[in-house]
Amino acid sequence: MTSPQGGPGAVTRPLLELRGVTAAYGGIEVLHGVDLAVPQGSVVALLGPNGAGKTTTLSVACGLMSPTAGKVFMADADVTGVRAEELARRGVVTIPEGKGIFPNLTVKENLLMATYGGVDMAHVEEVAYSRFTRLGERRSQVAGTLSGGEQQMLAMARGLAVDPAVLLLDELSMGLAPLVVEELYGIVAQIARTGTSILVVEQFARTVLGVADLAAVMVNGRIRAVGRPDEIESDLSAAYLGV
Amino acid sequence: MDKFLTFTVLGLSQAAIFAIASSGLVVTYTTSGIFNFAHGAFGMMAAFTYWQLHVAWGVPTWPAFFLVVLVIAPLFGAGIERFIMRGIEGAQEVVKIVVTVSLMVALIFIALWIWPEDRARPLGSLVDTGEIKVAGVTLTGQRLLTIGVAVIVAIALRFILRGTRLGVAMRAVVDDRSLLQLNGGRPSRTSMLSWALGAALAAVSGVLLASEQPPSVIPLTLLVVNAYAAAVVGRLRSIPGAFLGSIILGLSISYVGAYMPADAAWGPIALDNLQRAVPAIMLFVVILAQPQVSLRAHSLQRVRAPMPLPTQRLAIIGGLVLVATVIAVGSLMSGPDQNTLLRGFGFAIATLSLVPLTGYSGQISLSQLTFTGIGAVVMANWGASGNFMWVLVAIVVCGIVGALVALPAMRLQGIYLALATAAFGIFCYWMVFQQQDLMPGSTASVPYLRVGPIEVGSDYGQLVVLALAFAVIGNILVVLRRSSWGRRLTAMRDSPVACATLGLNLMSTKVGVFALSAAIAGAGGALAGRTFVVDDFSLDQSLPITMLAVVGGIGSVGGALLGGLLLGVQPIAVTALAANAIGVFGFFSASVPQVMSVMPGFMGVSLGRSPDGAAAEIGEAYRDFSRSGPAVATAIVAAGGLWFAARTELIENWGLFAALVVLTFAVIPVLPALLPPSGMARVGRSAPTALWLLVVLVLSALIPWETTIGSTGFRLLAILGWTGLAAIMSIGILGVNPAATDREPEPSPDELGLGSDLGKADAVAAGTLLGLDEDVMSLPTSEMLVGLRAGDPS
Amino acid sequence: MSALEVSSMTVRFGGHQALSEVSLAVDQGKVVGLIGPNGAGKTTLFNAVCGVVTPTSGSVRLMGRDVSGIPTHKRARLGLGRTFQRLEVFASLSVADNVRAGIEIRRTWERRGSTARQYLASGEDLPTEAEVQVILDRLGLSELADVSVGALPTGQARLVELGRALGARPSVLLLDEPASGLDDNETADFGKLLIELAGAGLGILLVEHDVGLVMSVCEQIYVLDFGSVIASGDPDTVRSNEAVVAAYLGAGT
């Protein structure tokens, strides 16, 4: 899946694409036709206030939810309705909001769960422990007792080791100190350079705009604006601060 | 010293069996969140299957053993997961408990049916080494083997759950099912395997237990209650904890047996049964020692459709009709049948006692008959004159005891309350009801009622008293449900944390409702007007009560009557139909009543297929049925009429049976559509449907089944086919599927949690709202969906 | 006197510090805003204030009385009310019954000698039914009185939660994202309602992601980030505070 043509700013054909996606909980529609494309090897930030439908968009992209209408494409193949576990085995790594780890499993056991796509456990461990030495020191520790930052690193280690085609990140920065967030986004940028297409959902812009090639602003279940980070600043202010 | 060593080893070999059983329990609980009350029944079934293979069919010991433990039991467990347990994921705790309890009851009946208790079925030792002397202690090879197997199980479990990806995934499923999916794991397959593993462990413990002494269905099923006590030590989640608990339990039982003299007593209280009560005592003590569970804000539970409030007018009319019916029907009955109906009403009041507890406040008790027993014992010993004052005393005593039992368990989640009540039931069975001072000759004769100068003098009179009591209590419960207290209970069931932030003391409210429930059950005992034996109050008698209260319709008074009577009048059906035996494949034979006895269990299990009736499941129709007073009345009149016709020999017994089957499975599910409960609209073409139902019922009763079809098995098949045809025709004529009238509230995005995953059930609920069939939901085509969402511009 | 006073509140979950040394005060008759990014610890603060979560350290004073360590229901009886971010309605009861339950629960403990508190504009004691009607009217829910709450859209269900909390006649009200799910007009009405409630003497602590609403109704705003108060003051002060802008939009944009 790695491609030399990837890299920040490069505009290539989209690896992940949502076309006219609508989705509903119960009878209540929360996405009203979302179009979103993540070009190969680039980082796209999906921003917007609480309740805008960002997480739902991600749930549709990773296969946990089926859209009520619209399509999801991966590398031009229609994957609408394909189950999350099958997508995962095809190289989609998703790190959900605030719970990317199994709290009652040890660090090592958490990493073992990353091997379903066919990656060797030894490789996973090596990548994880060399990138995050603190995880290496705590491999037998139960993940729930790690600090918030360490937990997020553990979740990210999976994204690093598996070398995914698509990486979906939800609220990576939630509840973490700025330094940790910066470190994590450094890794995001690094993963993108290997050709992985990355969609990052964040409620607040923060550091993500520093690494994003494109940003989309979502309000009330619709994409309000898409563009380079500097192009959408006014939309962002309007969306958040109501000015 | 030798004695001490001997009993230590004996205790350890017992502990080994508990450890295997309890670790199986822990495996299924930690990997599915469902506490499998049927775990013991799994073990019991495995033991009998082993007997069938080894003793009856001559398969050699070890092939038979491994076939049972490694093939049959795991397949059985996986099937249970696939077809029953998967459906109750995310359901209310009460539903989860009732489904596994129902499974246990169903398995007990199935086992009694296949392997009737007409003779002992010894399994024989697995190893035949004679006696071995180790360090001065004499041992059988069987005991050594048992301990060895437990050690192997411990090592194997540790390896599987810690060292293999599959085992780690089994634990991961509980932590976060959707995250496992996002990792590429397949949670449904993983859950199936963990149930297979749990069933295999149950099978090992069952076969080992049964090879020490000939298995007997109910004791063997309940023996595994000991495993519950052991598992609680590890808070139901830790396998080492379960092993530790097993060792403590095994040794305690062994030492009490060794050192407690046979005539031990504490003051006037005989302690001779203490050994058998040890697991229950331990369970209770461990639950007491558990730390308080903090108030959890919202864990998503699918909310049942709101129960329409019964109107007081309807309740009063219902009560009057009930009493009048009993007066009329009772007068036509023979003495033994009156006695049976008396028994049925006793059960009905016990079931009724669960209406406020389970229906209104969402809590559970598995041992309501224990309170019935306490009420009966108080009345039999002190109120022998039948004086009404003693009924009141019995009610108060039961209320107080209920409050005391509930107090420690209320701090904990539903499953612990269920276990605590089960432990209380077992404890009372051995330590209270076995006291010769309280129940001389193991019986308790509850007198007929006497109020001032009015004295009841016969079963018939007492029957009317009980019907009156049911009507009065039922009406009081309806008043309560409509009162501010009833609203508070419902509020507490829906959101305990919100109630606390409004200033409600949850503890005292919960204890209060438990006490009320115990008091009602006690009233059923004090007014029973018949002679009880100790076994009337055993746990296996209580479990179906809880099951039927939920199946009959959580929290509806009509449902309680239906459930209780169904349980109680079963013996009438048994005597009426006992002669009709069916041979199936020459493997076993069963009588019609046996087939019928399995049905309540399956009805409970069917809750698992649709815990809140999203699909067109019969259970929903039954619940609607029980909510509709006119429908219940119609069914009772129909059943009564059929019974009367059979009594007067207008129709033959097979006609009665066929008509009852048609009534239960083809007529009752359609009735609520014709006579809807309050809050539901009448749907479909009701007049032609009503006519058709009447015709089909009369036809069923009049067809000369016995003379036209020679073989019992074919006859039964014909009746089943006929029933199916009748049901399909009814729905066809009606024009709508009565169970498909969906009243499920739409889950809001907040309730579902935008961040959390959607379970299959949520997807199904969502799809059902869109009008989809379940089988097309996994891969809905967009055209289809767009078509259904016509009018939406996007 | 402050109606609610939180001092040096710290909450730790395992290795995660959800709140550190948070202090804030809500005066009677004021609407105070509490804003901050997702995961900043706002809901944890609410839980700690009403006793659902046990803080590692710190204290809570309610109408001058230290309530740290006493159970949730007793704090409620001393005048603390709240709503929930993730709905905690009585889903199987009707709208009116939800409010009625709030009033009826209050009556059970009032009978045991707890004092009656402020309520909307008047402190008068109405019969339960009249009180239900007053609350439903005020929240614009009268027409939905007999609808089952489980069937309501989120915005209205949140109003039901508020009505239920009002039924308990609190002196201090904690509102957790009460306006999410309301449209613009409804939000404007809701803002008026908050000001009116405060005018009747209630102290209100408002967590809300609709910053526009917060800015328009609150006299005082606290900004929480990483479990700490990073800024506080009136809306203009907060709006121009660099740390706040950085917390929301990230430094350098």
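Side-chain atoms are counted along with the backbone in the values below, which use heavy atoms only and exclude waters and symmetry mates.
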task = Name the option with the most non-hydrogen atom pairs under 4.5 Å to chain A; the candidates are B/A172, B/G163, B/G184.
result = B/G184

key: Axial cation check for A/F73 ring with A/R19, 6.0 Å and 45° limits   =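 Satisfied, under 6.0 Å and within 45°.
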
Interface residue of largest heavy-atom contact number with chain B, from [options], under 4.5 Å:
options                     : value
A/N110, A/T106, A/L112      : A/L112
A/N104, A/T94, A/V93        : A/N104
A/K108, A/R89, A/M121       : A/R89
A/L105, A/L87, A/V92, A/L58 : A/L105

Which portion of A/V162 sits near chain B, non-hydrogen atoms under 4.5 angstrom = neither

key: Heavy-atom check, side chain of A/E17 versus side chain of A/M74, under 4.5 Å   = no

Exam field: side chain A/R139 to backbone A/G136, donor-acceptor pair closer than 3.5 Å = yes

ask   = If you measure only the distance, is there a donor-acceptor pair under 3.5 Å linking the side chains of B/S191 and B/S32?
value = no

inquiry  = Just checking A/R131: does its CZ atom have more than 12 heavy atoms from other residues, nucleotides or ligands closer to it than 6.0 angstrom?
reply    =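 More than 12 heavy atoms, drawn from other residues, nucleotides or ligands, come within 6.0 Å of this atom.
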
